[in-house]
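Notes follow the structure.
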Amino acid sequence: MQLDAMPAIDAEATALLPAEQAVRRRVVPYGFAGKRLLLAMVEPEDVASADEVSLLAKRAVTRVAAPQAVFDEMLRSAYGVTAAQMAARLGGSGEEDSLASNIEAVEADDLHRMAEQPSLINLVNLIILEAVRGRASDVHIEPFEKKLSVKYRIDGVLIEQPSPPKALQAAVTSRIKITSGMNIAERYAPQDGHIALKYEGRKIDIRVSTVPTLYGESVVMRILDKDAITLDLQTLGMRHSDREGMQKLIDLPHGMVLVTGPTGSGKTTTLYAALTKLYDPGLKIITIEDPVEYELSGVNQIPVNPKRGLSFADGLRSILRQDPDVIMVGEIRDGETAEIAVRAALTGHLVFSTLHTNNAAGAAGRLMDMGVEPFLLSSVLEGVLAQRLGRRVCAACVQRVPLEDSAVRRLGAHERQMFVGEGGYVGVRGKGCERCSNSGMRGRLGFYELLLTNPAMRQAIARRGTMMDMVQTAEKGFVTMRKDGLMKAAEGMTTLDEVFRATQDAEEVPD
């Protein structure tokens, strides 16, 4: 059904919807068909707006398509010149919703009603469930001037998904905020929330974060699916020699063990795997984390809560009064936490923690920069594991291919020998198949370097040695992250591009 010219406007129908709502929804109620309200719309497929008008007017509605020119004329006739001007300012004349309509014009009560629409609830549920099914670690909902973008982070890479209509932006954001326990009336300050859901019989936790941007609130949902993660060092991609070294560290009665790398490099997962391997009913294991990402059976886990005065340092002090055997500190961020952690290791506790450094050799220097005394650090630091994550080649469609000259040039002379094959240098890539969604990659793989402390290294730490001193005093057979990645690429587990991308900031490699 479509209007080719402006019909007669029934004032009784127009009175059922305020001018502000008509402009915001881009609708004009102009008459009745029996008990149904006739609704002129430029976009009659916008079911959400029609449903909202139906709620406000307390009547069933019939959507009628209207060309933009006819609609503008009807809006002026029904609500006056002011409403027509408002529509133009808010993008009513063919433009997408502006910043004002996205953020300021929608009242909190309207958002509540929009967010409770069954079709809207189903849309948000579908976005989340498709992300879980697709093995996504994060869902990004990003507002732009003329588009609402939805992206899933799968195997560390953002992949754009079909986007919902821009008109649903406020409703989608509000639905997520309601579900995660946030204040939907607060649109100008960052907020954090949490969603717990059941999927195929397993519990999935979702951490939600919102921040205000130029065109509305950006939402990121971190999906924490314990059953989808493997807490096993071998499955994570750690070579046999590194697993043996980690086992030596896990078996220590006391001391400090660090895992380093940037955000998103899998540090916490590695520590969880170590604690799982370490677990014994005869040991008291306590962690303090920000936040607790996965629940570990038999482990006492404490979430940091700065708003209530529970920082890493405060929590760590309290933990020491709990008679622990093993302590995990989610991250050493400041000198106070570092000092307490070192002293905990000195007093007979085995302490695991993470640190932000580019490689294993830089960990000691970072702690000394925080104010830890070198002579104390040299006596407690037992080992440092640095890591990055790269993508695995899909096992279902992997194929061997000649290496490109640009990749070969990035390899040192000794490294090229690892890729010598029939007719030249050979690597692997994924052809693309249904199993990997034609990406050629499926799953993630760790690149590691493990630095075990020895007497010579302790002396280097005590005299504030450089990173080069740490590497030179390392045990024979020390393998850098880059070399570990290249070995895995040579074995056909990943590609050279993934190794270069993941380890480029960890080491300067000579040609």
Side-chain angles (χ1 to χ4, degrees), residues 137-138 192 194 205-209 220 222-226 229 231 233 236 246 249-250 255-279 283-322 324-345 349-358 360 362-363 366-367 370-372 377 380-389 446 448:
S137 60
D138 302 86
D192 294 301
H194 172 261
D205 290 315
I206 302 175
R207 292 206 314 265
V208 185
S209 170
V220 175
R222 167 65 59 88
I223 299 172
L224 304 172
D225 184 359
K226 184 178 179 181
I229 191 168
L231 300 180
L233 296 175
L236 292 173
M246 280 299 292
L249 296 176
I250 289 170
M256 175 179 277
V257 179
L258 299 173
V259 180
T260 75
T263 300
S265 60
K267 301 185 298 296
T268 302
T269 302
T270 298
L271 284 182
Y272 280 171
L275 291 182
T276 301
K277 200 170 182 65
L278 175 70
Y279 175 71
L283 292 175
K284 173 84 168 186
I285 304 175
I286 306 181
T287 75
I288 180 162
E289 308 169 54
D290 182 22
V292 174
E293 294 194 7
Y294 299 97
E295 296 177 16
L296 299 178
S297 178
V299 177
N300 298 276
Q301 295 173 274
I302 302 171
V304 166
N305 192 340
K307 292 181 180 177
R308 299 199 173 186
L310 181 58
S311 64
F312 275 115
D314 295 327
L316 191 48
R317 287 193 191 92
S318 300
I319 285 174
L320 293 175
R321 295 192 288 272
Q322 290 283 309
D325 297 295
V326 179
I327 300 169
M328 185 191 107
V329 183
E331 183 184 342
I332 295 178
R333 297 176 178 173
D334 53 65
E336 186 179 15
T337 306
E339 186 74 25
I340 300 169
V342 167
R343 294 195 178 277
H349 304 91
L350 181 57
V351 178
F352 292 89
S353 189
T354 71
L355 197 64
H356 285 284
T357 63
N358 283 340
R366 179 80 181 98
L367 289 175
M370 289 182 179
V372 176
L377 184 60
V380 300
L381 187 60
E382 299 295 340
V384 183
L385 177 74
Q387 68 179 73
R388 297 288 189 281
L389 288 178
Y448 303 93

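Quick caveat, the model's predicted, so the values are computed rather than measured.
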Atom pair CG (Asn305) and CG (Asp290), whose distance is rounded to the nearest 0.5 Å:
9.0 Å

For the student: nearest non-hydrogen atoms of Ala363 and Val384, plus distance
CB-CG1, 3.8 Å

Would you compute the distance between atom CG of Asn300 and atom CD1 of Ile302 and round it to the nearest 0.5 angstrom?
7.5 Å

Show, in sequence, the C-alpha distance, side-chain angles and deciding distance for Val342 and Met256, and conclude whether the side-chain contact (heavy atoms from CB on, under 4.5 Å) test is met.
CA-CA 7 Å; Val342 167; Met256 175 179 277; 3.8 Å; yes

Verify side-chain contact (heavy atoms from CB on, under 4.5 Å) between Thr287 and Phe352, making sure each step is shown before the conclusion.
CA-CA 9 Å; Thr287 75; Phe352 292 89; over 6 Å; no

Counting distance only, does the side-chain N/O of Thr260 pair as donor-acceptor with the main-chain N or O of His356 below 3.5 Å?
no

So, do Ile285 and Tyr279 sit near enough that their side-chain heavy atoms are less than 4.5 Å apart?
yes

Does Ile327 reach the side chain of Leu320, with side-chain heavy atoms less than 4.5 Å apart?
yes

Identify, with sequence neighbours excluded, every residue that meets salt bridge (charged side-chain N to carboxylate O under 4.0 Å, His left out) alongside Asp138.
Arg222

Whether Lys267 side chain and Leu355 backbone form a donor-acceptor pair below 3.5 Å:
no

Can you give me the closest heavy-atom contact between Met370 and Asp334, atom names plus distance?
SD-O, 3.8 Å

What are the two closest heavy atoms between Ser265 and Leu389, and how far apart are they?
O-CG, 3.3 Å

Rounded to the nearest 0.5 Å, what's the gap from CG on Leu310 to CG on Leu316? Could you check?
10.5 Å

How about Asp325 and His349: does a side-chain donor come under 3.5 Å of a side-chain acceptor?
no

Contact check, side chains of Leu385 and Thr270, non-hydrogen atoms, under 4.5 Å:
yes

Return the NZ to CD1 distance between Lys284 and Ile286, rounded to the nearest 0.5 Å.
4.5 Å

Please tell me if the side chains of Leu258 and Ser353 come closer than 4.5 Å, counting only heavy atoms from C-beta onward.
yes

Verify, without hydrogens or angle tests, whether Arg343 (side chain) and Ala338 (backbone) share a donor-acceptor contact under 3.5 angstrom.
no

Any side-chain heavy-atom pair from Val304 and Ile288 closer than 4.5 angstrom?
yes

Report the C-alpha separation of Ile223 and Ser137 in whole Å, then their side-chain angles, then the decisive distance to 0.1 Å, and conclude whether the side-chain contact (heavy atoms from CB on, under 4.5 Å) test is met.
CA-CA 5 Å; Ile223 299 172; Ser137 60; 5.9 Å; no

Got a donor-acceptor contact below 3.5 angstrom from the Gln301 side chain to the Tyr294 backbone?
yes

Checking the side chain of Thr337 only, and the main-chain atoms of Arg333 only, is there a donor and an acceptor separated by less than 3.5 Å?
no

Donor-acceptor check, side chain of Thr354 to backbone of Gly330, threshold 3.5 angstrom: yes or no?
yes

Just wondering, do Glu293 and Tyr272 contact through their side chains at under 4.5 Å, heavy atoms?
yes

Do Val220 and Val208 have side chains that get closer than 4.5 Å, going by heavy atoms?
no

In short, Ala274 meets Met246 closest at the heavy-atom pair CB-CE, 4.4 Å

Heavy-atom closest pair (Met328 atom, Leu275 atom, distance to 0.1 Å) is SD-CD1, 3.6 Å

Does the side chain of Arg388 come within less than 4.5 Å of Asn358's, by heavy atoms?
yes

Stepwise, does the side-chain contact (heavy atoms from CB on, under 4.5 Å) test hold for Tyr448 with Leu236?
CA-CA 10 Å; Tyr448 303 93; Leu236 292 173; 3.4 Å; yes

Can you confirm whether more than 12 heavy atoms, excluding those of Arg207, are under 6.0 Å from its CZ atom?
yes

Work out which heavy atom in Ile332 is nearest to a heavy atom in Ala341; give both atom names and the distance.
CD1-CB, 4.3 Å

